[in-house]
Each structure stands twice: as C-alpha cells, then as structure tokens.
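Data first, discussion second: the structure below is written as structure tokens.
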Amino acid sequence: MTKGERKRRFFGIVFFFMISGILVTTYNGIVTKDEMINNAYAQIETNMQRELDLLPNLIKIVQHYAQYEERVLKEVTALRTDASKHLTAQTPKGQKEIKELSKINKALKDSTMQLFMVAENYPQLQASENFLELQSQIEGAQNRINVARMRYNDAVRDFNAYIRTFPANMMAKMAGYTQREYFHAQEKAHQSFKVEL
Amino acid sequence: MPKLFFALFLSLVTLFVVACEEKAKSSFIEDNAHLFDNTPVVMKMYKEYNEELLKDFDIDFRVATTTKEEDINLFANKKFQKLKDTSRSQSGKDLLIVINPKTDAVRLEVSKALESVYTDAFVSYIERKGMVPYLREQKFADALYMITELVRDRALEARTGKEFMPAMKSDSIGAGAKSKANIAKKDTHAKEGKNVISIASDMPKDVLQKYIKSLREHNKNPNLDIYTKETQEFFRKWVVTDINQKHEIHNLRPCLAKQKTLLDSSDTHAVLAVLPYDENRKCSPYFFKKEDGAWKLDIATMAQSLRFSKDMQWHFDIQKRLDKEGKYYAYAFDGYGFDKHGYPFFKDLHKSKWSGYRWGYTCAEWYDPRDADKIASEPKKYIRCWISNYAYGMPANVRLGLDVQDYVIAVGEGSERKENVSYVEFMQYMKDAPSGSLVHVEVMRNGKKVVREGIAP
C-alpha cells in the first residue's frame with residue numbers, strides 16, 4: 001500500500017467514525033427527548049389518578065353536611081371509571097390521547113370546583129379538619145398536574161424544535177419520529193356534573 | 001510545563017471555592033413587598049433559626065414576598081426553579097415560602113426530596129393554624145418565625161423516624177399548599193372563650209390544671225380569671241394559635257407528675273418547679289401570684305424572663321430575669337448559679353466557704369477622688385464598697401442580681417434612700433434588711449447607674 005493510499009484509508013476511517021458518532025448522538029438525543037415527553041405525560045396521568053382517588057372521600061364528607069342526593073356520588077363514580085380507562089400509563093400516541101386527557105382534566109377540575117363552591121355555604125363543613133385536609137390534597141394534585149403539563153409542553157417544544165433541525169430532521173424521518181402534540185386547555189368538559197343542594 | 005498546569009489547577013480550585021462561598025452567602029430572603037422592614041429583632045432571630053435549619057437538617061428554607069397579580073402557585077414554582085441553582089442544600093431539601101399581600105395569599109413550595117415529610121395536608125395545616133393568625137395581625141416576621149419553628153419540629157420528627165429521602169437534585173413538581181393569608185383581617189372570634197375561675201381554695205397545681213383544660217379547648221380568651229392582671233393585658237396583645245396551645249400541652253405533660261410547689265415566705269408568690277433544674281431543662285417553671293385572695297397564673301412574667309432553646313430547653317433572659325415581678329420569684333432559684341446564657345446550674349454550698357453567709361458577697365474598698373483628703377480622718381464615712389466577689393447560688397446574685405465590679409452608690413428608696421453610702425453603711429443595710437422585705441441597691445455598672453431590687457432571704 002502506498003503512502004497516499006494509507007493516508008486516504010486513515011482519513012476515511014476517521015470520517016466514518018465522525019459520521020457514525022454524529023448519527024448516534026443525534027439518534028440518542030431524539031430518543032432522550034422523546035422519553036422526557038413520555039415521562040412528563042406519565043406525571044400528568046399519575047396526578048390525575050391521585051385526584052380521582054381523592055374525589056369520593058370529598059363527596060362523602062360534603063354529603064354528610066350538605067345531604068346530597070345519591071346520584072351525585074354515582075356520577076363521580078362514573079367519571080372515575082371512565083377516566084381510569086384512559087389513564088393506562090401508555091405512551092401518548094397522538095392528538096386523540098392528548099385531547100382525551102385534557103378533557104378528563106377539565107372534568108375533574110369542574111367537579112372539584114363545584115364541590116368547593118358548595119362547601120362555602122356550610123361554615124361547619126369549611127371548618128372541618130377532614131374537609132380542609134382533603135381540599136389541600138386535591139388542590140395539591142391539581143397543582144402538580146399544572147406543573148406536569150407545563151413540563152410536558154416544554155419537553156414537546158424542545159423535541160419538536162430538535163427534530164426540525166439538521167441533522168436530527170433526517171434521523172427522525174428515518175427512525176419514524178414525528179412532531180408531538182401539545183397539551184392544550186379545554187374550553188368544554190368531556191363530562192361534568194352539576195352538584196345540587 | 002508542569003508549573004503551568006499546577007498554576008492552572010490552583011486557579012481552578014480557588015475559583016471553585018470562591019464560587020461555593022458566594023453560593024452560600026446568597027440571600028435567602030427576597031422581600032419585594034417590604035413586609036419585614038420594621039422588625040429587625042425578630043428577623044435577626046429568624047435568620048439564626050434559618051441557618052440552624054440548614055446546618056442541622058440541610059434544609060434550605062427561602063422566603064419571597066411579592067405584590068405581582070399572578071397566581072401564587074405558578075409564581076412559587078417559577079421562583080423555585082430560578083432559585084434551585086443557588087440552593088444551599090447538598091441533598092435537594094428545599095422549601096420556599098411566598099407571601100403576596102396583593103392577592104392575600106401564602107404558599108409553601110416543597111421540593112421533591114421533602115415531599116414525604118412535608119405533605120400537602122401538613123403544609124396546609126401549619127399555614128392555616130400557624131401562620132395565618134399572625135398574618136391577620138400583620139405580624140409578618142412572627143409568622144415567618146412560627147412557620148420555621150414548625151418546619152423544624154417536623155424535621156426533627158422525620159429524622160428520628162428516618163423519613164428523609166436520599167439526596168437528590170433540587171426540584172419541585174408542585175408539592176406544597178397555598179392558603180388565604182387574611183392579611184389585616186382580624187378574626188373577631190379569635191379571642192372568645194368561656195371564663196375559667198380561680199377560687200380561694202385552689203392551689204397553684206389546681207390553677208395549672210384549669211389552664212391545661214383551657215389549652216385543650218383552645219380557649220384563647222385573654223381575660224380568664226386564672227390569669228394575673230398583667231397576664232390578661234399580655235394576652236390581649238399576644239397572638240395565640242391552636243398550635244401554640246397544643247405544643248404547650250405536649251411539653252407540659254411529661255413534667256406534671258414531677259412538679260413541686262415552692263412558696264415564698266409571704267405566701268404571695270409560688271413557683272411550680274421540677275427539680276433539680278439543671279437535670280430537667282425541658283420542664284419550664286411556672287409562676288403564680290396571689291391576687292384577690294386566689295392564686296393566678298403569671299404568664300406575663302414568664303414571657304418576660306424565660307426563653308427556650310431550639311431543643312425546648314428553658315433558660316433565663318439574664319438581663320430581664322429580675323425585672324418587674326421577676327424578682328419576687330427569684331427565691332425559687334436559691335442554690336443555682338446561671339451561666340452567661342441564663343441556664344441554671346446547681347451549686348452545692350453546704351461545704352463551701354459561703355455556708356453561713358446570708359447574702360454571699362464580698363466588698364472591696366473604693367473612694368470617690370473628691371473625698372481623697374477626707375479618707376484619712378473619716379474612713380468609715382468615705383470608704384465605699386464595690387462588689388469584689390459573689391457566690392453562685394447565693395441571694396446576692398440570685399435574688400439581687402449583684403455582679404463583680406458593681407460600685408455601690410445608694411441604698412433604700414423614697415424617704416429611706418441614702419446616697420453615697422459608705423462601706424459600713426451598705427453592709428449594715430444588707431445585714432439589717434428584714435427577711436422577706438424588698439431591698440434596693442443602686443450601683444454603678446460599666447459607667448451606668450443600675451438599680452438592683454430583690455427580696456431579702
């Protein structure tokens with residue numbers, strides 16, 4: 001092998017490793033950012049489940065003071081059952097799953113807000129430590145959902161921007177990665193119920 | 001070349017150390033709403049407490065006040081994210097309290113590392129019961145101090161129960177709670193409660209039991225008959241929370257069975273004490289005074305003279321121990337010296353050279369330079385006394401508060417006052433003071449005139 005051939009081979013190998021390195025780094029970057037989105041989504045679901053689990057206790061306490069109709073509890077139970085089907089901790093595929101989750105979130109928020117509004121008419125209930133404890137736990141879950149949503153959207157923004165830039169755009173296309181959906185606030189609830197006194 | 005690398009390495013190390021120190025010094029209070037401007041004393045106490053929280057538990061407790069019209073939950077989380085890079089905690093244990101007087105809200109944001117210890121329900125509870133009563137009275141620094149105390153108490157429990165999570169990076173995912181602050185909205189029902197009467201046949205222990213019952217019922221009526229008049233005045237101005245009352249019962253309970261009643265010679269003052277004081281530092285003495293023929297609890301004097309360490313060990317405020325009514329309770333501490341922080345320690349005087357002394361002090365001679373030419377002819381008239389020594393645990397120090405290098409200048413008060421007392425006159429005055437009478441001694445201490453009053457043994 002001549003000196004020139006050896007030189008060409010050497011640079012060829014270096015170039016190969018450079019390109020491979022870039023491709024691997026880019027692919028890993030896409031995967032990492034994709035996982036961050038999945039993780040953030042899971043946090044949203046976890047905290048929504050937490051809020052769903054607290055709701056029946058809240059209803060029972062409010063019922064004890066406000067003497068609600070039984071149907072209110074049935075409607076909440078139905079909301080929980082319906083919501084639980086969607087909270088499967090699977091990775092969100094697309095717009096449909098995100099929209100469903102958003103609707104469930106809105107329904108949850110509406111339900112608890114109505115219960116808290118009703119509680120304002122009952123000073124004894126408002127002063128009850130059990131009620132106040134539950135209220136703080138539910139508000140805590142809602143706040144965690146809000147933070148998780150913000151982080152989810154940050155992760156999506158980061159991912160979407162990344163796969164639009166070179167060379168990630170090419171790698172994303174090759175590997176089948178597409179832009180992800182943002183979590184938008186819903187105007188109307190998927191299912192809400194009115195609490196009657 | 002090696003020298004260059006060494007120099008570079010040294011520079012990097014220096015930069016690193018300086019950066020770490022700067023991080024440590026960064027302020028943990030951002031008071032944009034100027035809530036703490038006029039309370040330097042309480043804020044000083046709070047800062048010391050805050051540093052101890054960091055030192056003892058590695059908890060970085062930050063404070064931010066704002067007047068932005070923004071959701072406090074969002075504000076708190078954003079502020080937390082900004083501050084986490086300068087966290088003083090090595091294990092991600094961060095707390096951030098936000099007070100917004102504009103939106104009338106308060107929020108404690110909790111980091112991931114502390115979520116299991118400071119649950120949402122607990123945080124909501126300490127905000128409502130511990131902070132808001134002070135915020136209603138616009139006592140912002142006191143509110144901050146109170147919540148730091150509650151945070152510390154919980155941290156102590158958590159450490160004992162091994163509840164702390166392993167070290168992690170500082171982050172908050174929205175844990176904590178917010179409460180309506182009710183700033184300047186006084187609770188008109190806060191100081192309601194039925195009266196509790198102290199009858200003539202009640203002994204101090206009976207009065208204490210009535211007090212404990214009122215604590216249990218969260219009775220915050222400041223005008224309870226079981227209180228002295230000074231104490232009623234004190235409670236009219238003092239903020240009392242449910243948590244304060246719960247804590248007092250918790251601290252009192254283990255001490256009740258060990259309490260002894262120490263009555264003074266005139267049967268007008270009593271102390272419920274757990275002896276020996278230096279082996280029962282968590283059992284505070286309780287003071288009682290007879291008013292209108294019945295024993296009443298003198299919490300006003302206790303608040304003036306007693307202090308508690310972060311471990312709830314009681315000690316005296318050395319400057320205020322004998323002020324006002326405090327001097328009438330000093331008899332209960334005969335036999336105890338006090339260190340510079342006011343912690344009592346027992347002195348066995350029986351075999352000491354001081355046994356047999358009444359007051360336990362010695363005088364050295366001094367004279368006013370203007371009397372220099374008269375000393376030789378009338379020494380008894382012009383030689384005066386300065387306190388050269390006193391015995392720990394003896395009345396000169398315990399009851400009268402005399403100190404070494406006190407220059408005695410006058411004794412007595414009113415028509416019996418004698419100025420420029422001589423050595424002999426002072427010693428005679430102290431010797432002749434009837435047991436149980438109030439003794440007055442004016443001294444020059446560090447260039448200032450100070451009046452010492454105490455009950456003669």
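Side chains are part of it too, since the values below use all heavy atoms of this structure and drop only hydrogens, waters and symmetry mates. Below, chain A is the first sequence line, B the second, and so on; all start at residue 1. Note that the coordinates shown come from a computational prediction; the quantities given were computed from them, not determined experimentally.
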Criterion side-chain contact (heavy atoms from CB on, under 4.5 Å) against N47(A), the qualifying member of E45(A), Q43(A), E51(A): Q43(A)
Atom group of K78(B) that falls short of 4.5 Å from chain A, counting heavy atoms: neither
Side chain, backbone, both or neither of E129(A) within contact of chain B (heavy atoms, under 4.5 Å): side chain
Residue part contacting chain A, namely of E127(B), when any heavy atom lies under 4.5 Å: neither
Among the listed options V123(B), D71(B), N77(B), the residue most often paired with chain A at heavy-atom distances under 4.5 Å: N77(B)
NZ/K112(B): more than 12 non-hydrogen atoms of other groups inside 6.0 Å: no
Salt-bridge present (K84(B), D171(B); N to O < 4.0 Å): yes
Chain A contact via S179(B) - side chain, backbone, both or neither, heavy atoms under 4.5 Å: neither
Note, K79(B) side chain near E109(B) side chain (heavy atom, < 4.5 Å): no
Quiz item: cation-pi between K93(B) and F164(B), 6.0 Å / 45°: yes
